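This is a predicted model, so every value here is computed, not measured.
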Amino acid sequence: MNDAGMSKPSCKWQRVLLKVSGEALAGDHTQNIDPKITMAIAREVASVTRLGIEVAIVVGGGNIFRGSSWAGSGGLDRSSADYIGMLATVMNAIFLQATMESIGIPTRVQTAFRMSEVAEPYIRRRAIRHLEKGRVVIFAAGTGNPFFTTDTAAALRCAEINAEVVLKATNVDGVFDDDPRRNPNARLLDSLTYQDVLSRDLSVMDMTAVTLCQENNIPVVVFNVTKSGNISRAILGERVGTLVGGPWVSTTAGT
């Protein structure tokens with residue numbers, strides 16, 4: 001039962017971790033952040049939080065600065081480049097928070113290193129309490145350490161807050177057996193095991209993130225964020241994109 005005394009719907013997951021890449025926030029790449037994309041994400045997250053589903057978000061920063069791409073440029077070492085990339089994720093998180101709160105979604109940003117003037121520090125128990133109170137929590141600054149991707153941060157935070165799934169929102173329909181941009185006959189894969197991803201070197205998440213999900217039995221759903229309704233469908237546990245970590249199981253949600 002929720003605070004209004006109404007029973008929650010029978011959904012596949014009750015607490016989810018949504019990973020939004022920086023590239024997805026850029027939309028058509030005419031600007032660093034596309035307000036239409038952030039608003040679409042906010043509205044779909046709002047629709048499921050009203051059903052009582054708890055949503056945490058990890059944002060990337062590749063639309064502003066990707067540390068691994070800049071390392072070595074102008075004398076910039078990898079660690080410094082990665083820290084700049086972490087700051088980029090904070091910028092995205094604050095923008096997404098503002099968008100969500102503009103439509104009435106209570107939202108908190110927690111950062112992996114202290115930036116107390118603009119966000120809370122990451123505290124696991126506080127993050128869980130926010131989720132229990134119906135607030136969306138956006139995790140920024142990755143893991144707080146260089147050499148780790150925001151995909152790894154998503155897997156780590158998912159395990160820490162006891163979320164049931166990582167939902168990876170990208171700008172492609174899922175995982176293909178070949179690059180669909182180069183091969184028009186590339187086939188969308190419905191489901192994969194963790195070992196499939198590792199042995200076939202598929203572009204799902206980096207190896208550290210996949211291994212972390214495997215060790216903690218966290219399924220990963222890879223789907224296209226640019227298609228209207230996909231975020232809410234993924235959060236509700238409907239069949240969308242590619243499932244890593246086991247076969248799809250039919251859900252009774254909405255019946």
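The line from OG1 of Thr49 to CD1 of Ile235 is 8.5 Å long, rounded to the nearest 0.5 Å. The CG atom of Asp196 lies 3.0 Å from the OG1 atom of Thr193; values are rounded to the nearest 0.5 Å. The distance from atom CG of Asn183 to atom CG of Asp177, rounded to the nearest 0.5 Å, is 7.5 Å. From Arg50, atom CZ reaches atom CD1 of Ile105 across 6.5 Å, with rounding to the nearest 0.5 Å. Considering NE2 of His130 and CD of Glu54, their distance stands at 12.5 Å, rounded to 0.5 Å. We find the CG-CZ distance between Asp178 and Arg182 to be 6.5 Å, quoted to the nearest 0.5 Å.
Using a 3.5 Å distance cut-off with no hydrogens or angles, the side chains of Asp151 and Thr149 do not pair a donor with an acceptor. Side-chain N/O atoms of Asn92 and Asn63 include a donor and acceptor closer than 3.5 Å. Ser79 and Asp82 are not linked by any side-chain donor-acceptor pair at a separation below 3.5 angstrom, with hydrogens and angles left out of the test.
A pairwise comparison of heavy atoms in Gln97 and Thr107 identifies NE2-O, 3.1 Å as the closest pair. When all heavy atoms of Ala81 and Leu76 are compared, the pair lying nearest together is CB-CD2, 3.7 Å. Pairing each heavy atom of Arg114 with each of Pro121, the nearest pair is NH1-CG, 3.4 Å. Residue Arg200 comes nearest to Leu192 through the heavy atom pair NH1-CD2, 4.0 Å, listed as atom of the first residue, atom of the second, then distance. For the residue pair Thr38 and Ile33, the shortest heavy atom distance occurs at CG2-CG2, 3.8 Å. Between Ala24 and Val225, the closest heavy-atom pair is CB-CG1, 3.5 Å.
For residues 93-113, no residue pair satisfies the ring-ring contact (aromatic ring centres under 6.0 Å, His included) rule, not counting sequence neighbours.
Using a 4.5 Å cut-off on side-chain heavy atoms (C-beta onward), Val20 and Ile57 make contact. Residues Met39 and Ser102 have side chains in contact (heavy-atom distance under 4.5 Å, counting atoms from C-beta outward). By the 4.5 Å heavy-atom criterion applied to side chains, Val166 and Met205 are counted as neighbours. With contacts defined as side-chain heavy-atom distances shorter than 4.5 Å, the pair Thr111/Glu120 does not qualify. In this structure, Thr150 and Lys19 have side chains that are in contact, with non-hydrogen atoms separated by less than 4.5 Å. Put simply, the side chain of Glu44 does not reach to within 4.5 Å of the side chain of Arg233, judged on heavy atoms. Side-chain contact between Tyr194 and Val244 is present, with heavy atoms from C-beta onward closer than 4.5 Å. The shortest side-chain heavy-atom distance between Leu243 and Val220 does not fall under the 4.5 Å cut-off.
More than 12 heavy-atom neighbours from other residues, nucleotides or ligands sit within 6.0 angstrom of CZ on Arg78. Heavy-atom neighbours of Arg43 CZ from other residues, nucleotides or ligands within 6.0 Å: at or below the threshold of 12.
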Would you mind writing out the side-chain donor-acceptor pairs for residues 155-162 within the sub-3.5 Å range, not counting sequence neighbours?
from, atom 1, to, atom 2, distance (Å)
Arg157, NH1, Glu160, OE1, 2.7
Glu160, OE1, Tyr122, OH, 3.0

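Ile37 and Val240 fall within the same hydrophobic cluster, defined by Ile, Leu, Val, Met, Phe, Trp and Tyr side-chain heavy atoms under 4.5 Å apart, directly or through other members. Residues Leu188 and Leu202 do not share a hydrophobic cluster, clusters being chains of Ile/Leu/Val/Met/Phe/Trp/Tyr side chains in contact below 4.5 Å. By the rule that hydrophobic residues join a cluster once side-chain heavy atoms approach within less than 4.5 Å of another member, Ile53 and Leu167 end up as members of one cluster. Neither Met115 nor Val137 shares a network with the other; the hydrophobic side chains, linked directly or stepwise wherever heavy atoms of I, L, V, M, F, W or Y lie under 4.5 Å apart, form separate groups for each. One hydrophobic cluster, built from ILVMFWY side chains closer than 4.5 Å, holds both Val136 and Leu25.
Between the side chain of Thr89 and the backbone N or O of Val59, no donor-acceptor pair lies under 3.5 Å. Side-chain N or O atoms of Asn230 include one that pairs as donor or acceptor with a backbone N or O of Asn224 at under 3.5 Å. Judged purely by atom type and a 3.5 angstrom limit, Thr152 has no side-chain atom pairing as donor or acceptor with the backbone of Phe148.
Salt bridge annotation for Asp173-Lys227: present, with a cationic side-chain nitrogen under 4.0 angstrom from a carboxylate oxygen. Looking at Arg239 and Asp190, a side-chain N of the basic residue comes within less than 4.0 Å of a carboxylate O on the acidic one, giving a salt bridge.
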Chi angles and distances behind the side chain to side chain contact (heavy atoms under 4.5 Å, CB included) call for Lys12, Glu238: CA-CA 8 Å; Lys12 187 170 184 176; Glu238 296 181 22; over 6 Å; no

From CA spacing to verdict: side chain to side chain contact (heavy atoms under 4.5 Å, CB included), Thr242, Phe223: CA-CA 7 Å; Thr242 301; Phe223 66 98; over 6 Å; no

Residues Met207, Leu198; criterion side chain to side chain contact (heavy atoms under 4.5 Å, CB included); working and verdict: CA-CA 7 Å; Met207 190 175 297; Leu198 295 172; 3.6 Å; yes

Steps toward side chain to side chain contact (heavy atoms under 4.5 Å, CB included) verdict (Leu236, Val48): CA-CA 7 Å; Leu236 290 170; Val48 295; 4.0 Å; yes

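In this view, Asp206 satisfies the salt bridge (charged side-chain N to carboxylate O under 4.0 Å, His left out) rule with no residue, not counting sequence neighbours.
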